[in-house]
K.L.:
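The structure follows.
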Amino acid sequence: EERFRHAHSRLQEQFSDADVLAEAACHKARLENDSGDLASAIRTLQEFIGAGQSAVHDLMGALLGRAGHLGDAIVHARKAVATQPESAAYRFNLAALLSRRTDPEELAEARSLAARLVRQNPHDHASWHCLGLVQAKTDRRQDAEESLRRAVDLYPEGIRYRISLADYLV
């Protein structure tokens with residue numbers, strides 16, 4: 001914590017670039033999250049959220065989603081995508097958050113985002129998994145099974161993918 005404050009202070013003295021500060025905040029928040037302190041990670045990002053940096057919004061969305069605050073998480077994920085719509089990672093994170101909802105419009109948006117991701121990168125197992133989960137929630141049974149199988153085929157070591165497929169088939 002003290003090392004971060006010192007480094008943060010030096011960065012503020014040397015740079016006024018919001019990107020550098022946002023990257024430092026994201027790094028600190030990831031360390032806090034990795035050590036199990038989700039609340040501190042969220043507080044760290046809240047200090048920098050005003051800069052409007054897409055990386056801060058994306059990570060904040062992921063952390064809030066992990067904490068169960070899906071509404072706020074989606075708001076931040078949308079801001080990240082709006083700032084950098086070409087970022088596949090930001091679009092994936094938004095799709096993954098939306099896939100956890102039950103609103104038909106949000107699920108349709110998640111399905112659209114995930115379908116676009118698999119079209120752009122057909123070898124991305126995580127996008128196939130996300131698409132399969134959304135398809136399962138929206139009663140697209142055949143499509144869901146195919147997508148979940150594709151995720152398992154692409155990443156056979158992915159236990160989570162195998163469990164999702166098994167749960168779906170039962």
Side-chain angles (χ1 to χ4, degrees), residues 22-23 26-27 29-39 41-42 44-46 49 52-170:
E23 188 58 39
C26 287
H27 180 72
R30 282 186 192 98
L31 291 174
E32 291 167 335
N33 182 54
D34 291 347
S35 71
D37 193 354
L38 181 59
I42 291 171
T44 294
L45 292 176
Q46 286 171 334
I49 210 72
Q53 300 301 309
S54 53
V56 174
H57 283 293
D58 183 61
L59 184 55
M60 180 65 94
L63 294 177
L64 287 170
R66 183 172 171 228
H69 304 288
L70 282 179
D72 292 336
I74 289 169
V75 167
H76 286 286
R78 286 188 192 286
K79 288 179 182 180
V81 169
T83 307
Q84 288 191 356
E86 72 284 352
S87 171
Y90 296 168
R91 284 185 279 118
F92 173 82
N93 290 340
L94 177 57
L97 289 167
L98 289 169
S99 74
R100 295 169 53 191
R101 301 287 278 218
T102 57
D103 178 71
E105 288 180 16
E106 289 179 322
L107 289 171
E109 182 182 359
R111 188 176 61 243
S112 174
L113 285 165
R116 180 177 169 198
L117 289 166
V118 298
R119 279 192 309 273
Q120 290 176 332
N121 185 359
H123 301 291
D124 181 21
H125 52 85
S127 293
W128 281 105
H129 183 247
C130 182
L131 179 60
L133 293 177
V134 174
Q135 290 166 329
K137 271 188 147 177
T138 56
D139 292 326
R140 295 177 174 250
R141 298 197 58 77
Q142 183 68 27
D143 293 337
E145 183 178 340
E146 290 173 14
S147 295
L148 292 171
R149 284 187 188 281
R150 180 82 167 132
V152 170
D153 290 344
L154 288 169
Y155 189 55
E157 300 84 15
I159 301 299
R160 181 178 52 160
Y161 301 163
R162 290 177 178 276
I163 291 171
S164 294
L165 179 59
D167 285 346
Y168 184 70
L169 293 175
V170 172

K.L.:
Show the nearest heavy-atom pair for residues A73 and G61, with the distance to one decimal.
P.N.:
CB-O, 3.1 Å

K.L.:
Search all heavy atoms of F92 against all heavy atoms of L117 and return the closest pair with its distance.
P.N.:
CA-CD1, 3.5 Å

K.L.:
Are any of the side-chain heavy atoms of L169 and R149 separated by less than 4.5 Å?
P.N.:
yes

K.L.:
To check you understand the geometry: which heavy-atom pair defines the closest contact between A41 and A29, and what is its length?
P.N.:
CB-O, 3.3 Å

K.L.:
So, the side chain of S112 versus the backbone of E109: is there a donor-acceptor pair under 3.5 Å, distance only?
P.N.:
no

K.L.:
Is any side-chain heavy atom of V56 closer than 4.5 Å to one of K79?
P.N.:
no

K.L.:
Measuring from atom CG of D72 to atom CG of L97, what distance do you get when rounded to the nearest 0.5 angstrom?
P.N.:
11.0 Å

K.L.:
Identify the two heavy atoms, one from L107 and one from R101, that lie closest to each other, and give their separation to 0.1 Å.
P.N.:
CD2-O, 3.4 Å

K.L.:
What closest approach, in Å, do Y168 and L148 show between heavy atoms, and which atom pair accounts for it?
P.N.:
CB-CD1, 3.9 Å

K.L.:
Any pair with a residue in residues 97-127 that passes ring-ring contact (aromatic ring centres under 6.0 Å, His included), sequence neighbours left out, goes on the list, sorted by first then second residue, please.
P.N.:
H125-Y155, H125-Y161

K.L.:
Donor-acceptor pair, R150 side chain versus P122 backbone, under 3.5 Å?
P.N.:
yes

K.L.:
Mind checking the OG-CG spacing from S87 to L94? Nearest 0.5 Å is all I need.
P.N.:
11.0 Å

K.L.:
First locate atom OG of S35, then atom CZ of R30, and finally report the distance between them rounded to the nearest 0.5 Å.
P.N.:
14.0 Å

K.L.:
With side-chain hydrogen bond (donor to acceptor under 3.5 Å, both in side chains) as the test, would you mind laying out the steps for H129 and S164 before giving the verdict?
P.N.:
CA-CA 8 Å; H129 183 247; S164 294; 2.7 Å; yes

K.L.:
When you measure from the side chain of R100 to the backbone N and O of G65, does any donor-acceptor pair fall under 3.5 Å?
P.N.:
yes

K.L.:
In Å and rounded to the nearest 0.5 Å, what is the CD1 to CG distance from I42 to L64?
P.N.:
4.5 Å

K.L.:
Supply the atom-to-atom distance L38 CG to L63 CG, rounded to the nearest 0.5 angstrom.
P.N.:
5.5 Å

K.L.:
Are M60 and Q46 side-chain neighbours, meaning at least one heavy-atom pair lies under 4.5 Å?
P.N.:
yes

K.L.:
Kindly check if the number of other-residue, nucleotide or ligand heavy atoms within 6.0 Å of CD (E157) is above 12?
P.N.:
yes

K.L.:
Kindly compute the distance separating CD (E32) from CG (L45), expressed to the nearest 0.5 Å.
P.N.:
8.0 Å

K.L.:
Look at E145 together with R141 and state whether they make a salt bridge at an N to O cut-off of under 4.0 Å.
P.N.:
no

K.L.:
Please report the closest heavy-atom contact between A95 and A110, naming both atoms and the distance.
P.N.:
O-CB, 3.6 Å

K.L.:
Do the side chains of S99 and R111 get nearer than 4.5 Å, heavy atoms only?
P.N.:
no

